[in-house]
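Values in this document were obtained by computation on a predicted structure and should not be read as measured data. The figures here come from the full heavy-atom set of this structure, side chains too, leaving out hydrogens, waters and symmetry mates.
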Amino acid sequence: MRYPEMPAHLDPIRHEAWLDEGRVHQEMQTLREDFPVCWYAREPYRPFWVVTRNADIKEVMGQNALFINEPRLVLVDKAVEEATEQALGGRRYTVRTVLDMDGTEHQAYRELTRSWFMGPGIVKLQQRIEALADRYIAIMREAGGRIDFAHEVASQLPLRVILSILGLPETEAPFILRITQQLLSSADPELQRSRQGGADVMPEVAAYFGKLLAERRANPQDDLASVIATSLVGDEAIGALEAISYYLLISTAGHETTAASIAGGMLAFIQNPDQMKKVQDKPALMRNGANELVRWVSPIRHFMRTATEDYTLSGVTIRAGDSVCVLLPSGNRDDATFDAPYRFDIERQSEGHVGFGWGGHACLGRQVALAEIRTFFARLLPQLASVELDGVPRPIQSNFTGGYKSLPIRYRFHDA
């Protein structure tokens, strides 16, 4: 037994826990107050430490040499890990993205696409983002005042931004959305392909992106898929595994977390009409408000790190080789960092949130995500005369990425 151990009556790690968001936030608050760094040794995972306070999460994620991403980036069932190790001869993952890398290797791969997601890249994308925002507002108008916002709007707009960046036609949207759900939400019975943790999807994914890699190497275009395909890492061409993994990361995580933020943001505005009224009166509030929305939703629920040497965190000694799980939504509700953290406040200065991670591995696409969020809501909300729920929201059953399978709403435009 390791001490302190997470009390038996608490378990915010379970996929099912997120079906009751209020309760899971209560459990994480209890952990922050009484067990901020605690040991978790329960099936179906290998044991690990759970970290819940904002400052401790930043302390872990901000020391990239001390707490590394490989070999355990996210929680995977032991049975799936073992099966993957047997199939691949030692590796626990079927992909190797930039998120799985550390040190100078991580920096080199991250640098390959930086310009597409920062500064000039955002300026170049802004017109496309505005056009897509207007398209989905038009779709809402055509729907006649009732729509499944999560399915028909929130999941679609960010996906098409990513397709534009990669240079893929919009006809590929259904395929990319399906593999995203089967990989990132593989614990949800309605979205999973099987109970293999998404591993069974990988042959199809490898074939698809392997074909894209070959096409872009043979005939480069003005798109990010070509940049990756023709990149040099050091003096050598990027490897096929790393290139395919890069495509997979951008095409799935690149839109899923933004979709979760837009869906969760709409729900937050419905539940807090005073905050919606502020944006309707002053759309420019979304420039900072987009960060508050990400803090509130926390679309990524955990990441894993592995200690490279013994380290004391909040009085608890983490041994070299121990795994550490940081609960990002918990860090974003920490009252030691945020005043009234359970209040959705569109005027809050939320820069201390960990919704995009922290440190050297912080989300590379965060500026694109924020541009999509602020553009869409700044254009939509002033046009709405009313909006309310039209049924029960159905959250995705997952301890990794959040979001909603369904968010039925009823609304009316001012000129309707």
Side-chain angles (χ1 to χ4, degrees), residues 2 4-63 67-69 72-77 99 184-185 187 253 256-257 260-261 264 294-307 311 313-316 318 322-338 341-342 350 352-359 361-363 395-403:
R2 304 288 290 268
E5 190 164 350
M6 184 181 292
H9 68 285
L10 301 177
D11 195 351
I13 303 299
R14 295 178 303 112
H15 296 289
E16 299 84 358
W18 283 97
L19 298 179
D20 186 346
E21 186 172 343
R23 178 173 177 176
V24 79
H25 275 298
Q26 289 177 351
E27 292 192 1
M28 289 189 295
Q29 181 174 342
T30 299
L31 291 176
R32 285 195 304 274
E33 293 172 352
D34 301 327
F35 305 90
V37 180
C38 59
W39 187 246
Y40 187 97
R42 304 176 194 175
E43 296 294 337
Y45 306 114
R46 290 183 290 117
F48 52 91
W49 292 101
V50 177
V51 178
T52 52
R53 289 179 178 167
N54 183 283
D56 289 341
I57 290 170
K58 290 174 180 175
E59 191 169 340
V60 169
M61 301 192 85
Q63 300 186 80
F67 293 99
I68 59 175
N69 285 29
R72 195 179 187 187
L73 181 65
V74 297
L75 287 169
V76 177
D77 291 10
L99 295 180
L184 300 186
S185 304
E256 176 75 354
T257 53
S261 296
V294 174
R295 180 197 74 88
W296 184 257
V297 174
S298 294
I300 297 292
R301 290 168 175 165
H302 84 266
F303 271 123
M304 302 295 292
R305 297 291 188 263
T306 299
Y311 189 81
L313 184 69
S314 283
V316 176
I318 297 171
D322 282 354
S323 298
V324 176
C325 176
V326 293
L327 296 185
L328 304 179
S330 179
N332 285 338
R333 291 293 194 278
D334 191 340
D335 61 8
T337 303
F338 304 103
Y342 290 91
S350 305
H353 76 80
V354 290
F356 291 118
W358 196 261
H361 282 279
C363 176
I396 294 172
Q397 182 174 307
S398 171
N399 66 6
F400 180 42
T401 56

Check: ring pair (Phe, Tyr, Trp, His ring centres under 6.0 Å) with Y45: which residues, sequence neighbours excluded?
Finding: none
Note to self: According to salt bridge (Lys or Arg N to Asp or Glu O under 4.0 Å), who are the partners of E59, at least two apart in sequence or on a separate chain?
What the structure shows: none
Margin query: With heavy-atom distances below 4.5 Å as the criterion, would you say the side chains of T257 and I300 are in contact?
Written below: yes
Notebook entry, point to check: Do the non-hydrogen side-chain atoms of L73 and H361 ever get within less than 4.5 Å of each other?
Noted result: no
Margin query: Enumerate the salt bridge (Lys or Arg N to Asp or Glu O under 4.0 Å) contacts for residues 31-45, please, sequence neighbours excluded, ordered by first and then second residue.
Written below: D11-R42, E43-K78
Item checked: Any donor-acceptor N/O pair, K58 side chain to G352 backbone, under 3.5 Å -> yes
Next item on the list: For Y40, enumerate each residue passing the ring pair (Phe, Tyr, Trp, His ring centres under 6.0 Å) test, keeping only those at least two apart in sequence or located in another chain.
Entry: F48
Notebook entry, point to check: Is there a donor-acceptor contact under 3.5 Å from the side chain of T52 to the main chain of P36?
Noted result: yes
Next item on the list: Mind checking the NE2-CH2 spacing from H25 to W18? Nearest 0.5 Å is all I need.
Entry: 4.5 Å
Margin query: Apply side-chain contact (heavy atoms from CB on, under 4.5 Å) to residues L328 and F303 and explain how you reach the verdict.
Written below: CA-CA 8 Å; L328 304 179; F303 271 123; 4.1 Å; yes
Next item on the list: Please name the pair of heavy atoms, one in P341 and one in R295, separated by the smallest distance, quoted to 0.1 Å.
Entry: O-NH1, 2.9 Å
Notebook entry, point to check: At their closest point, which heavy atom of L327 faces which heavy atom of I57, and how far apart are they?
Noted result: O-CD1, 3.3 Å
Notebook entry, point to check: Going from OG on S323 to CZ on R305, what distance comes out if it is rounded to the nearest 0.5 angstrom?
Noted result: 11.5 Å
Next item on the list: Could you pull out the closest heavy-atom pair between P12 and L31, with the gap in Å?
Entry: CG-CD1, 3.8 Å
Notebook entry, point to check: Could you walk me through whether Q63 and Y311 pass the side-chain contact (heavy atoms from CB on, under 4.5 Å) check?
Noted result: CA-CA 11 Å; Q63 300 186 80; Y311 189 81; 3.0 Å; yes
Checklist line | W296 six-ring centre to R333 NZ/CZ under 6.0 Å and within 45° of normal | finding: yes
Next item on the list: Calculate, to the nearest 0.5 Å, the distance between atoms CZ and OG belonging to R14 and S398 respectively.
Entry: 13.0 Å
Checklist line | Shortest non-hydrogen contact between P329 and S298, atoms and distance | finding: CA-OG, 3.5 Å
Next item on the list: Might you work through the side-chain contact (heavy atoms from CB on, under 4.5 Å) test for D334 and Q29, ending with a clear yes or no?
Entry: CA-CA 8 Å; D334 191 340; Q29 181 174 342; over 6 Å; no
Margin query: Nearest 0.5 Å, please: how far is OG in S314 from CZ in F35?
Written below: 14.0 Å
Margin query: With a 6.0 Å cut-off on the ring centroids, do H353 and W358 count as close?
Written below: no
Checklist line | For H15, all residues meeting ring pair (Phe, Tyr, Trp, His ring centres under 6.0 Å), sequence neighbours excluded | finding: none
Checklist line | N399 side chain to I13 backbone, donor-acceptor under 3.5 Å | finding: yes
Check: Where is the tightest heavy-atom contact between L99 and N69, given as atom of each residue plus distance?
Finding: O-ND2, 2.6 Å
Margin query: For the backbone of N332 and the side chain of N54, can you confirm whether one donor and one acceptor N or O come within less than 3.5 Å of each other?
Written below: no
Notebook entry, point to check: So which heavy atom on W49 is nearest to which on P4, and how close?
Noted result: CZ3-O, 4.0 Å
Next item on the list: Tell me, please, which residues at least two apart from R301 pass salt bridge (Lys or Arg N to Asp or Glu O under 4.0 Å).
Entry: none
Note to self: Applying side-chain contact (heavy atoms from CB on, under 4.5 Å) to L75 and H302, what does each step give before you reach the verdict?
What the structure shows: CA-CA 8 Å; L75 287 169; H302 84 266; 3.7 Å; yes
Note to self: Main chain of A307, side chain of D322: is a donor-acceptor contact present, judged purely on distance under 3.5 Å?
What the structure shows: no
Next item on the list: Calculate, to the nearest 0.5 Å, the distance between atoms CD and CG belonging to Q397 and L19 respectively.
Entry: 4.5 Å
